[in-house]
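Note that the structure is a prediction, hence the values are computed from the model and not measured. Below, chains carry the letters A, B, ... as their sequence lines are ordered, and counting in each starts from 1.
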Number of protein chains: 2
Amino acid sequence: MRKKSKATSIDIAHLAGVSQATVSRVLRGSPLVNAQTRERVEAAVRELNYKVDRHASSLRTQRAGTLALLLFEDPTPDDSHINPFFLSMLGSITRACARHGHDLLVSFQQLSDDWHADYEDSMKADGLILLGYGDYLAYRGKLETLVEQGTRFVRWGAVLDDQPGVSIGCDNLHGGRLVGEHLAGLGHRRIAFLGDASSHYPEFYDRYRGCDAALQAVGGGMHPALQVDAESSEEAGFEAARTLLARKVPFDAVFAASDLIAIGAMRALTDHGLRVPEDVAVAGFDDIPMARFAQPALTTVYQDTTRAGELLVESLVRLVRGEAAESTTLPASLVVRKSSGA
Amino acid sequence: MRKKSKATSIDIAHLAGVSQATVSRVLRGSPLVNAQTRERVEAAVRELNYKVDRHASSLRTQRAGTLALLLFEDPTPDDSHINPFFLSMLGSITRACARHGHDLLVSFQQLSDDWHADYEDSMKADGLILLGYGDYLAYRGKLETLVEQGTRFVRWGAVLDDQPGVSIGCDNLHGGRLVGEHLAGLGHRRIAFLGDASSHYPEFYDRYRGCDAALQAVGGGMHPALQVDAESSEEAGFEAARTLLARKVPFDAVFAASDLIAIGAMRALTDHGLRVPEDVAVAGFDDIPMARFAQPALTTVYQDTTRAGELLVESLVRLVRGEAAESTTLPASLVVRKSSGA
DNA sequence: CTGAAAGCGCTTACAG
DNA sequence: CTGAAAGCGCTTACAG
């Protein structure tokens, strides 16, 4: 099927009996145009179902009207499984983009990819939204390159003092503290932590330190023998819990750095004959949709993804306009469910 | 921060000592270029970190190199909740696009929106991928408009005989039959169906009819008094199950048209004092990630989203190139878990 | 194999 | 308030 060739602004000009320049003025909303002229042009636009050609417009204005969302994961996960937390971020970012009148390009990247290059340099997007956990130290250098090149970007992640660029993140320290206080309040003192707890993973590390602070307040603290590294996946959580059990160091609660880790860990604990929460209390982080349906329902920390998406887009749009934008930390709140035994 | 102006093909031409046309030839992979010339140009490209301007290129070639994914939902759901099944489709479509060298624009639309207009007409995308359930009869007209206008599109959904355009869908009839056979094999004869069962929702209707066929094979059939409409959401499933219970018509199993409906329904059944699967067997459809974690784990039908995404993209790319593409039905397979009591 | 030139469809300073 | 014209950065037929 051959489609009939699209109408151009010249066709509209002919039909409305004005110059092509005037058509363009009307479509750009210029205030210079006479009201009656405007109406004639608008009628012609409707009649021919005309739409401004995006490429011609962008080539001329040097604005793409598009933002790119780069979701990176490292190492490569199973093809179909994206962290559900990021999927809900994706949802809110998509909606926020629509509200701000921008289109959204979505791409999955490996942390190892040359992702700074493609989108802005080829003018496909006016700015980049970076989403994904990974070794922070490994990609900090990339962020610096982006800043050097003048690329406009915002990222979801920990807000650190010497951060290159703009970050929007959750108050992981406070979130961790809420979990620590909650578990400590239930009498737990030996809290295991499943997830990396180093400056390579600042989000997880803050959650760890927040929990530690809560325990210190009651005369305790986190115990290194009760910490096991894990990336954010169910499999990693399952393995981490098994590693923990194999150490035979007693613990009465598990704080998983993410819900996915928590869900995997609960499976390992149950397999091992432990009851949650009777024998071990468990808490996660993120409040992904699955958390409510976990068995038992998972106590976790909620992050406002709708607000986060809105802030990411808003900040990026501001940067694109040449305005300043600041890193922001969003509040975290505790969601108590059965897994912690409260 | 002001970024230094981007290199253009003219800068590369100067640096490599060739004409701008030759630079373009090299970047388009033209076979006409001398090997040494090619190398000099490529060196210059690397040195200046040059990227072809997408808008200039697309304006000239009339090709966007971009596909648009329109995810529509009707009526408007809660801001953050997209059907997890579509999210996993989104994941596989994104990866498939990358494999095919296309960018992907993502947008959420209301079924009522004028979604056919925007993307292709403004040249933002070469073709459309349509994803979403909704009243089929209500948007069939839109599909016809798309065909008339020569818009290239593929959609995820039931493959019907007189379908406008290309569809990729799951074998819902067979999927429903698998569920019916499974439940019938467990001795159930009074199977309630939660979800619309009319030509407005062909996917759901096929699942219903497949189940009916399985029951007919053992001398039974679906009972209209045991069917309750529900859109695909947990809330709708909860309400539908309550409506069903209120009818006081006996049933021994529930086949929910989607996992989300099944999860909501199980909550209503449990609230009502019924045990799943001891008192009522439950099965869903989709095998969303949550299904494994539902309480009890949900028996359901798996659809291969990775393959579906690949096929959608592949078919659309074919249409964009002016080649033919055919509608395809993908196999469905039963995933037995605890909720059916097998 | 390479270069000069036209043109894709807009936007916007310039002139009136 | 409106029009004529230049130019955004490419691609590709045409000529050599």
Side-chain angles (χ1 to χ4, degrees), chain A residues 3-42 44-45 48-66 118-126, chain B residues 3-42 44-45 48-66 118-126:
Chain A
K3 44 193 314 183
K4 48 176 177 288
S5 66
K6 274 178 232 299
T8 69
S9 55
I10 298 209
D11 299 325
I12 304 299
H14 287 329
L15 188 58
V18 298
S19 73
Q20 185 269 332
T22 296
V23 173
S24 185
R25 286 197 189 91
V26 170
L27 275 94
R28 298 243 88 196
S30 163
L32 297 169
V33 187
N34 177 294
Q36 295 183 22
T37 311
R38 173 179 303 277
E39 264 172 41
R40 263 187 299 142
V41 170
E42 281 168 350
V45 164
L48 298 189
N49 201 344
Y50 169 73
K51 295 280 182 304
V52 174
D53 182 296
R54 178 57 153 273
H55 300 297
S57 174
S58 290
L59 175 58
R60 191 53 237 251
T61 59
Q62 303 289 61
R63 276 281 154 89
T66 300
D118 206 29
Y119 289 87
E120 252 227 359
D121 290 353
S122 62
M123 304 289 291
K124 286 180 194 170
D126 298 317
Chain B
K3 43 191 317 182
K4 45 177 179 287
S5 66
K6 275 178 230 300
T8 69
S9 56
I10 298 208
D11 299 325
I12 304 300
H14 286 331
L15 188 58
V18 298
S19 73
Q20 184 270 331
T22 296
V23 173
S24 184
R25 287 198 190 88
V26 170
L27 275 95
R28 298 243 88 198
S30 163
L32 298 168
V33 186
N34 176 294
Q36 294 183 22
T37 311
R38 174 180 300 280
E39 263 172 41
R40 264 188 297 141
V41 170
E42 281 168 351
V45 164
L48 298 189
N49 200 344
Y50 169 73
K51 295 281 182 307
V52 175
D53 182 297
R54 178 57 154 273
H55 300 296
S57 174
S58 292
L59 175 59
R60 192 52 237 252
T61 60
Q62 302 289 63
R63 275 281 154 88
T66 300
D118 206 29
Y119 289 88
E120 252 227 359
D121 290 353
S122 62
M123 304 289 290
K124 286 180 193 171
D126 298 318

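- Both A:Arg60 and B:Gly17 lie near DNA chain C, and the one whose nearest nucleotide falls closer to the 5' end is B:Gly17.
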From CA spacing to verdict: side chain to side chain contact (heavy atoms under 4.5 Å, CB included), A:Thr61, A:Arg28: CA-CA 12 Å; A:Thr61 59; A:Arg28 298 243 88 196; 3.8 Å; yes

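- Residues from residues 21-29 of chain B with heavy atoms under 4.0 angstrom of DNA chain D, sorted by number: B:Ala21, B:Ser24, B:Arg25, B:Arg28.
- Look at the C1' atom in both C:dG16 and C:dT12: the space between them is 16 Å, to the nearest Å.
- Looking at heavy-atom distances under 4.0 Å, A:Gln62 makes contact with sugar-phosphate atoms alone, never a base.
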Under the rule of Watson-Crick or G-U wobble with both distances under 3.5 Å, where | means paired to another strand and [ ] a crossing pair, DNA chain C maps to |||.||||||||.|||

Report, one line per pair, each donor and acceptor closer than 3.5 Å where one atom sits in a side chain of residues 8-16 of chain A; sequence neighbours left out.
residue: A:Thr8; atom: OG1; partner: A:Ile10; partner atom: N; Å: 3.2
residue: A:Ser9; atom: OG; partner: A:Gln20; partner atom: NE2; Å: 3.0
residue: A:Asp11; atom: OD2; partner: A:Thr8; partner atom: N; Å: 2.8

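- When all heavy atoms of B:Val26 and B:Arg38 are compared, the pair lying nearest together is O-NH1, 3.7 Å.
- The two residues B:Asn34 and B:Gln36 make their nearest non-hydrogen contact at OD1-N, 2.6 Å.
- Rounded to the nearest 0.5 angstrom, B:His55 NE2 and A:Arg54 CZ are separated by 7.0 Å.
- Listed by residue number, A:Leu32, A:Val33, A:Asn34, A:Thr37 are the residues of residues 32-41 of chain A with a heavy-atom contact under 4.0 Å to DNA chain D.
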* Asked: Given A:Lys6 and A:Asp53, is the side chain to side chain contact (heavy atoms under 4.5 Å, CB included) satisfied, shown in steps?
  -> CA-CA 9 Å; A:Lys6 274 178 232 299; A:Asp53 182 296; over 6 Å; no

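- Of all non-hydrogen atoms in B:Val52 and B:Ser57, the two that sit nearest each other are CG1-CB, 4.0 Å.
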Pair B:Lys124, B:Thr66 - check side chain to side chain contact (heavy atoms under 4.5 Å, CB included), show working.
CA-CA 7 Å; B:Lys124 286 180 193 171; B:Thr66 300; over 6 Å; no

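- Protein chain A touches strand DNA chain D; the 5'-most and 3'-most nucleotides with an atom under 4.0 angstrom of its non-hydrogen atoms are D:dC1 to D:dG9.
- A donor-acceptor pair is defined here as one N or O able to donate and one able to accept, closer than 3.5 Å; such a pair exists between the side chain of A:Asp126 and the backbone of A:Ala64.
- Partners of B:Ser19 under the side chain to side chain donor-acceptor pair (under 3.5 Å) rule, at least two apart in sequence or in another chain, are B:Thr22.
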